Amino acid sequence: MVSGAVLLGDGASFIRDDHGGCAGTGDHAGIKDGAPVIITTGDSFAGGKLTDARALTDGTCQFRFSVPGVPTRQDTYLLMVADRGPRQYIEHELKSALLALRVD
């Protein structure tokens with residue numbers, strides 16, 4: 001299981017709702033509750049989705065995600081969130097702690 005958070009750090013990149021939540025806007029419109037989170041390892045993949053969108057007091061918008069079934073002992077992993085380009089990780093980066101991705 002890989003778990004983490006995605007942050008939108010620029011107040012212009014998201015909108016707040018009336019319930020303390022948020023969603024991406026403009027170039028970040030794909031970053032929203034339910035957006036896919038996919039981890040690939042070449043010939044296999046595992047998927048999850050963004051959940052629990054929160055507009056935080058520090059001016060960021062945070063989403064949580066969990067991706068079950070991620071294969072182990074792979075050389076590299078590509079993580080893709082919504083319509084954003086892939087980011088490369090090695091296994092200990094994905095599984096050692098809560099993964100935090102900042103989307104600017």
Side-chain angles (χ1 to χ4, degrees):
M1 174 81 73
V2 174
S3 298
V6 171
L7 295 171
L8 293 174
D10 174 0
S13 65
F14 67 91
I15 55 173
R16 298 170 186 265
D17 66 23
D18 295 335
H19 307 287
C22 53
T25 188
D27 289 344
H28 299 90
I31 308 292
K32 59 186 176 185
D33 267 343
V37 178
I38 298 170
I39 298 175
T40 65
T41 61
D43 60 350
S44 63
F45 72 95
K49 62 183 178 178
L50 295 179
T51 62
D52 195 29
R54 297 279 174 222
L56 303 179
T57 58
D58 66 359
T60 61
C61 174
Q62 176 183 272
F63 300 84
R64 299 270 182 198
F65 68 87
S66 292
V67 179
V70 176
T72 59
R73 298 185 191 100
Q74 304 296 310
D75 291 332
T76 60
Y77 297 81
L78 293 178
L79 186 143
M80 293 166 280
V81 176
D83 57 355
R84 312 309 289 187
R87 294 186 186 190
Q88 184 171 315
Y89 295 91
I90 58 176
E91 186 170 13
H92 87 272
E93 291 173 319
L94 287 180
K95 298 197 173 190
S96 64
L98 186 69
L99 183 64
L101 304 171
R102 189 173 187 97
V103 180
D104 295 316

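Note that the coordinates shown come from a computational prediction; the quantities given were computed from them, not determined experimentally. Just so you know, residue 1 is the first one in the sequence shown, and it goes up from there.
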Task: CG on L56 to CZ on R16, rounded to 0.5 Å - done: 8.5 Å
- [ ] Compare every heavy atom of G30 with every heavy atom of A35, then report the nearest pair and how far apart it is.
- [x] CB-O, 3.3 Å
TODO: State the CD1-CG distance between I15 and L8, to the nearest 0.5 angstrom.
DONE: 11.0 Å
Open item on the list: Within the 4.5 Å heavy-atom criterion, are V6 and L50 side-chain neighbours or not?
Closed with: yes
Open item on the list: Suppose we screen for side-chain hydrogen bond (donor to acceptor under 3.5 Å, both in side chains). Which residues come up paired with S13, at least two apart in sequence or across chains?
Closed with: none
Task: D83 side, atom CG; I31 side, atom CD1 - distance, nearest 0.5 Å - done: 6.0 Å
- [ ] Output the distance between atom CD1 (I39) and atom CG (L94), rounded to the nearest 0.5 Å.
- [x] 5.5 Å
Task: Sequence neighbours excluded, every pair satisfying salt bridge (Lys or Arg N to Asp or Glu O under 4.0 Å) that has a member inside residues 37-59 - done: D52-R54
Task: Considering all heavy atoms, the nearest T60-F14 contact - done: C-CZ, 3.7 Å
Open item on the list: Can you pull out every disulfide (SG to SG under 2.5 Å) where at least one residue sits in residues 52-92? Sequence neighbours excluded, please.
Closed with: C22-C61
- [ ] Flag the pair L7 / L101 as yes when at least one side-chain heavy-atom distance between them is below 4.5 Å, and no otherwise.
- [x] no
Open item on the list: My understanding is that a hydrophobic cluster links ILVMFWY residues whose side chain heavy atoms are under 4.5 Å apart, including indirect links. Using that, what else belongs to the cluster containing I38?
Closed with: F45, M80
- [ ] Write out all pairs satisfying salt bridge (Lys or Arg N to Asp or Glu O under 4.0 Å) with one or both partners inside residues 18-36, taking only residues at least two apart or from two chains.
- [x] none
Task: Of all pairs that satisfy side chain to side chain donor-acceptor pair (under 3.5 Å), the ones with a partner from residues 70-82, not counting sequence neighbours - done: none
Task: Nearest non-hydrogen partners of P71 and S44, listed with the distance - done: CG-OG, 3.3 Å
- [ ] With the side chain counted from C-beta on, respond yes when V67 and L79 share a heavy-atom pair under 4.5 Å apart, and no when they do not.
- [x] no
- [ ] With the side chain counted from C-beta on, respond yes when T51 and F63 share a heavy-atom pair under 4.5 Å apart, and no when they do not.
- [x] no
- [ ] Please name the pair of heavy atoms, one in R87 and one in R102, separated by the smallest distance, quoted to 0.1 Å.
- [x] NH2-O, 2.9 Å
